[in-house]
Each structure stands twice: as C-alpha cells, then as structure tokens.
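Working notes, beginning with the structure itself.
Lettering of chains follows the sequences in order, A, B, ..., and the numbering in each one begins at 1.
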Amino acid sequence: MYTEFNSMDNARYVFDQILDKTIFVWNAIIRGFALAGNGEEALSLYYRMNQIGIPSDRFTYTFALKALVVSSPSVSLIRKGKEIHGHILRHGFESYVHIVTTLIDMYARFGCVSYAGYVFVKMPERNVVSWSAIIACYAKNERPFEALQLFWEMMSETFDVIPNSVTMVSVLQACAALSALGQGKLLHCYVLRKGFDSTLSVMNSLVNMYLKCGSLENGRQIFDQMVKKDIVSWNSIIAGHAINGYGKEAVVLFRDMIRSGISPNIITFVSVLGACSHAGLVDEGKQIFDSMALLHKVVPSVEHYACMVDLLGRAGRLEEAAKVVEGMRIEPGPTVWGSLLGACRIHCNVELAERASIRLFQLEPVNAGNFVLLADIYAAAKMWEEVSKVKKLLEARNLQKVPGCSWIEVKRKIYSFVSIDELNPQMEQLHALLVHLSSEMKEKGYVPDTRVVLYELDQVEKERILLGHSEKLALAFGLINSGKGETIRITKNLRLCEDCHSVTKFISKFTNREILVRDVNRIHCFREGFCSCGDYW
DNA sequence: TTAGGGTTAG
C-alpha cells in the first residue's frame with residue numbers, strides 16, 4: 001500500500017518490522033524502490049536478499065532489472081546487468097517471457113543492441129511484447145532500418161504476430177528517424193485499417209512521422225482532426241513546424257496550446273525556442289524565455305540557455321550571446337558552449353571560438369565534432385597551421401569524426417551512401433552525373449565552396465572531395481532512379497554543408513525538382529533555386 | 001497481494 005502511494009519511508013519502516021520476510025515481501029520492497037526511481041536502494045536490497053540466501057522467484061528478476069535501468073548512470077551497471085542475466089540462466093528462468101523481455105529492455109536502455117538482439121533470438125517463445133521491445137531497442141539506438149526490418153519479419157507468415165498500438169508507436173518512430181515517407185504512409189493505412197486511430201499515442205507518432213518526413217500538410221491535417229490532444233501532440237506539432245522552417249507558425253501554435261489549457265513543459269520550451277532560433281525571431285524568443293519561470297513555472301535548464309545562445313548567436317549577436325553565458329544562474333554545460341561555438345562558425349569569429357572551445361574541450365574531451373567545428377572556423381579564416389594543430393589534437397586523443405552518411409527512399413526501398421563508396425555499383429554513373437552538373441552550374445555562376453574541405457590540397461582535388469559528399473551522391477541517385485517530377489527526399493546524419501546547400505539549390509532549378517533534405521537539425525525544402533531555410537541554418 | 005514493450009527536444 002505504501003509503495004503504491006510512493007511513500008517509501010513508510011514502506012521501508014514496515015518492511016524492517018517484518019521478522020519473517022517471505023519472497024513476496026522482498027519483491028514488494030524492491031519493486032517499490034525501483035518504481036520510485038531509487039534504483040540504488042532497490043539493488044542493495046536485492047543483493048542483501050541474495051546474501052542471506054533467499055532465492056529469487058520469477059518476479060524478482062524483473063524488479064532487479066528495472067532497478068538497474070532507473071539507477072544513476074555508471075559504467076558498472078552493464079556489468080551488474082550481465083550478472084543478473086547469468087543468475088537468470090543458472091536458475092532456469094530463461095524461458096519466462098516476462099523476464100527475458102525485461103532483459104531485452106535493460107540491454108536496449110544501456111545501448112547494448114547486440115546483446116538485446118542475441119537474447120531475443122535465443123527466446124524459445126516470443127509474443128507481441130517481446131517483438132515490440134526489440135523493435136523499440138533498434139528504433140531508440142539509431143538503428144531504425146533494422147527496426148523496420150524486424151517489424152515486417154514479425155508480420156510475415158513465419159512469425160505471424162499481430163502488432164498492437166505500442167508496436168506501432170515504435171515502428172513509426174523508426175520511420176520518422178529514417179524519413180521513410182513511403183513506409184510511413186503504408187503504416188498509416190495499417191493504423192486506419194486496424195482501428196489504432198483511436199489511440200492517442202499512435203496518432204502522436206503519426207503526426208511526428210509526417211513532420212519528420214517533411215510532409216507538413218499531412219502532419220498538420222492529422223493534428224487538426226485529433227479530438228483529444230495532449231502535451232506530446234502539441235510538442236510534436238510545434239517541433240515539427242520548427243524543423244520544417246515554419247518558426248512563426250510554431251510560435252502561433254505555442255500560444256494556441258496555452259489557450260487550449262495545456263501547460264507547456266521543458267520540451268515545449270526547447271522546441272519553441274528552437275523554432276525562434278531557426279527563424280531568426282530574436283525578440284519573440286527572448287520574450288518567451290523570460291515568460292518561462294514567470295508565467296509558466298518552468299525553470300530554465302541548460303538546454304534552454306543553449307537555445308538562447310543559439311538564437312542570439314545565429315542572429316549575429318555574438319557578444320549578447322556570450323553575456324547570456326556569463327550571466328547564467330546554473331553551470332553552462334557542453335550544449336551551451338557548443339551553441340556558442342556553432343555561432344562563431346557561422347559568423348567567423350575566431351577569438352570567441354577559441355574562448356568557447358577551451359571550456360568545451362574540458363567538458364567534452366572525447367567529442368570529435370567540437371574539434372572539427374573549431375578546425376572549420378580556422379579553415380574559413382585560412383589559418384592552416386591552427387587547423388593542423390586541431391587535427392593533431394584529434395589524432396593524439398584517437399578521436400574520429402562521425403562519417404557523413406545520407407540515405408534516400410526510392411520506391412519504398414531505402415538506399416544509403418557514404419562519401420566515395422567504391423562498393424556501390426552505380427558509383428561511376430553517379431560521379432559522372434555530378435561532374436556534368438557541376439560544370440553546367442559553373443557556367444551559371446556556381447563557385448565550389450571549398451572552405452569545408454579541411455585539407456590543404458589544390459583546388460581540383462578539393463572539388464573532387466566536395467563532389468563525393470554523401471548527400472550529393474544520394475541526390476544523384478535520386479535524380480537517376482526516381483520518376484520525373486517526383487519529390488526527392490534525402491536524410492543526412494550531420495549538418496548540411498554550405499556547398500551541398502548551394503549545389504542542391506542549383507539542381508532544384510536545373511532539373512525542376514522539389515528536393516527535401518533533412519539534416520541533423522532541420523528540413524530544407526529546395527524549390528526553383530531557393531531553400532525554405534532562407535540560407536539561415 | 002508482486003511481472004514485460006511505446007510517443008515529444010537536445
């Protein structure tokens with residue numbers, strides 16, 4: 001009873017009074033602490049129980065695994081998880097679906113995707129919950145492609161498991177991550193056929209999927225028709241308008257949300273401030289930031305300060321941005337310094353960039369992206385000696401930049417590209433098309449923006465590297481393999497570079513195509529030589 | 001009387 005009311009002091013008091021503690025009593029207290037978020041206490045009780053020789057039953061393991069998941073992060077957690085996994089095997093509990101599903105979820109939350117996959121494959125019996133757990137595992141751990149594959153496998157004749165609303169949420173999340181609009185539409189039909197359209201979480205996931213795929217109209221239509229909307233619905237639609245470049249509309253939606261009686265939370269503010277930032281709405285952003293604590297009782301966190309730094313920095317008000325950092329009431333984290341460094345890159349401010357990176361490198365010594373950002377800034381200023389110093393730092397710390405990767409969905413199949421990929425059978429054809437387009441563009445005034453190439457090479461070599469960027473390869477592939485007039489949709493794992501941005505603008509005009517590129521931050525919609533971001537990204 | 005999977009941002 002006390003654990004149900006989250007009154008753990010009382011629960012613990014009663015627990016301590018019980019002289020003859022049955023396994024049920026142990027389970028109840030471990031469960032209570034785990035559910036209350038006190039994983040450490042739950043675990044220490046679990047260990048004590050083991051110590052005094054009380055054997056676990058089929059309920060104990062799930063609570064102990066949950067306790068691990070809610071504990072504050074530490075490297076030893078995975079080891080402890082594997083130990084519990086060992087206990088489960090040694091005591092013959094490996095065929096209990098509940099226990100093994102919890103194991104999958106534990107490995108998923110610790111990012112141990114291959115362990116989760118191994119446990120799943122070894123399961124003697126799987127049901128819709130275990131399938132959902134493994135699909136969610138891939139969807140959440142940046143493996144959306146495998147999540148989709150597993151979903152279709154689950155539906156296949158071999159396994160013939162019927163998905164439920166929870167499964168749909170995860171698989172739609174995978175579609176959103178991939179920007180796989182074709183797959184997403186297919187799933188939308190399935191949702192309608194099976195009547196999942198009365199489940200709020202599924203509808204929220206659909207809205208999110210359409211918006212992440214750059215299909216604002218579809219997402220908006222579903223949202224407008226939803227009878228019941230919760231905080232997730234509103235946050236999704238606001239963030240969705242933001243990434244699609246509709247900053248003003250995102251602010252309008254934010255006001256609608258408040259008017260409809262739903263209180264904004266921390267996520268709402270990250271989204272709406274992000275919207276202001278991308279649309280250059282500095283005054284609105286400042287006003288909303290000031291209203292957070294005053295009007296909405298939401299205390300600004302580091303992320304919100306990072307949004308403000310980004311908002312001001314992007315707009316070129318670097319000194320003001322730096323002042324925000326200085327005046328922060330909480331410790332500025334890596335996101336804040338990172339935003340400042342990003343702004344320095346846009347506005348080529350070497351001095352401030354150096355100041356920001358000193359702090360940033362202390363806080364995040366292993367994030368290669370930060371070093372690359374600084375190198376970028378030096379390269380833009382043609383400070384080649386500094387560029388090579390930063391690169392040596394990277395090498396000395398054995399850090400590697402995340403390789404650029406782009407993918408495209410053509411006829412409901414997904415194709416991925418990394419820069420200069422000899423294994424791709426169409427590579428020669430793709431490169432030839434790009435060389436051809438490039439020379440045509442040059443006649444129309446295109447100048448390759450070689451600043452992003454961080455090597456001291458001659459012009460020809462730099463241009464060759466530029467043409468090998470993964471998004472250009474995906475674009476060429478799309479031009480060759482999709483129908484005339486069809487919109488080309490590309491997704492990239494990093495930020496779109498300046499050269500790819502201007503090339504895509506040219507190509508949208510030349511080929512009279514609409515081209516959508518989603519980079520790590522937002523969606524660019526290229527049409528007739530212009531981009532929806534207004535070159536502000 | 002105790003059990004498993006899900007949505008929004010960065």
Across the strands shown, which category fits A:Lys229 at heavy-atom distances under 4.0 angstrom: base, sugar-phosphate, nothing?
nothing

**Request:** Would you please confirm or rule out a distance under 4.0 Å between OP1 or OP2 of B:dA9 and any side-chain N or O of A:Lys212?
**Result:** yes

Pick base, sugar-phosphate or nothing for A:Asn204, based on heavy-atom distances below 4.0 Å to the nucleic acid.
base

Among B:dG5, B:dA3, B:dG4, the one nearest any side-chain atom of A:Val166 is B:dG5

message = Within the 4.0 Å heavy-atom criterion, would you say A:Ser236 contacts the bases, only the backbone, or no part of the nucleic acid?
response = sugar-phosphate

Atom NZ of A:Lys21 and atom P of B:dT2 are separated, to the nearest Å, by 21 Å

message = Using a heavy-atom cut-off of 4.0 Å across all strands, would you classify A:Ala28 as base, sugar-phosphate, or nothing?
response = nothing

Atom CD1 of A:Ile88 and atom P of B:dG4 are separated, to the nearest Å, by 14 Å

query: With a 4.0 Å cut-off on heavy atoms, is A:Val302 in touch with a base, just the backbone sugar-phosphate, or nothing at all?
result: nothing

Taken to the nearest whole Å, CG/A:Leu211 to P/B:dT7 is 17 Å

A:Asn127 CG to B:dG5 C1', in whole Å, measures 9 Å

Residue pairs passing the side-chain hydrogen bond (donor to acceptor under 3.5 Å, both in side chains) test with at least one member in residues 289-300 of chain A, sequence neighbours excluded, are none

inquiry  = So A:Arg109, base contact, sugar-phosphate only, or nothing? Heavy-atom distance under 4.0 Å.
reply    = sugar-phosphate

In whole angstroms, the gap separating P of B:dA3 from CD1 of A:Ile23 amounts to 14 Å

Q | N/O (side chain, A:Lys66) to phosphate O (OP1/OP2, B:dT2) under 4.0 Å | A | no

Rounded to whole Å, the CG-C1' distance (A:Asn208 to B:dA9) equals 11 Å

Which of B:dT8, B:dG5, B:dA3 is nearest the side chain of A:Phe63? It is B:dA3

Considering every strand and a 4.0 Å limit on heavy-atom distances, what is the contact class for A:Gln173: base, sugar-phosphate, or nothing? sugar-phosphate

For residues 169-182 of chain A, which side-chain donor-acceptor pairs fall under 3.5 Å, sequence neighbours excluded?
| residue | atom | partner | partner atom | Å |
| --- | --- | --- | --- | --- |
| A:Ser179 | OG | A:Lys212 | O | 3.2 |
| A:Ser179 | OG | A:Thr491 | OG1 | 3.2 |
| A:Ser179 | OG | A:Arg518 | NH1 | 2.8 |

A:His98 over B:dA3, stacked by centroid distance under 5.5 Å, angle under 30°: yes

**Request:** Look at all strands and tell whether A:Thr167 reaches a base, only sugar-phosphate, or nothing, counting heavy atoms closer than 4.0 Å.
**Result:** base

When rounded to whole Å, the CG to P distance for the pair A:Asn265 and B:dT8 reads 13 Å

**Asked** Looking at A:Phe120, does the NZ or CZ of A:Arg126 lie under 6.0 angstrom from its six-membered ring centre and within 45 degrees of the ring axis?
**Response** yes

dist A:Lys82:NZ -> A:Tyr107:OH (nearest 0.5 Å) comes out at 6.5 Å

The nucleotide from B:dG4, B:dT7, B:dG10 with an atom nearest the side chain of A:Val129 is B:dG4

Between CG of A:Asn367 and C1' of B:dG10 the distance, given in whole Å, is 13 Å

Separation between CZ (A:Phe371) and CD (A:Glu364), nearest 0.5 Å, reads 9.5 Å

ask   = Should the ring pair A:His87 and A:His91 be called parallel, tilted or perpendicular, given that the plane angle runs from 0 to 90° and is split at 30 and 60?
value = parallel

- Under 3.5 Å, is there an N or O donor on one side and an acceptor on the other linking the side chain of A:Thr102 and the base of B:dG4? no

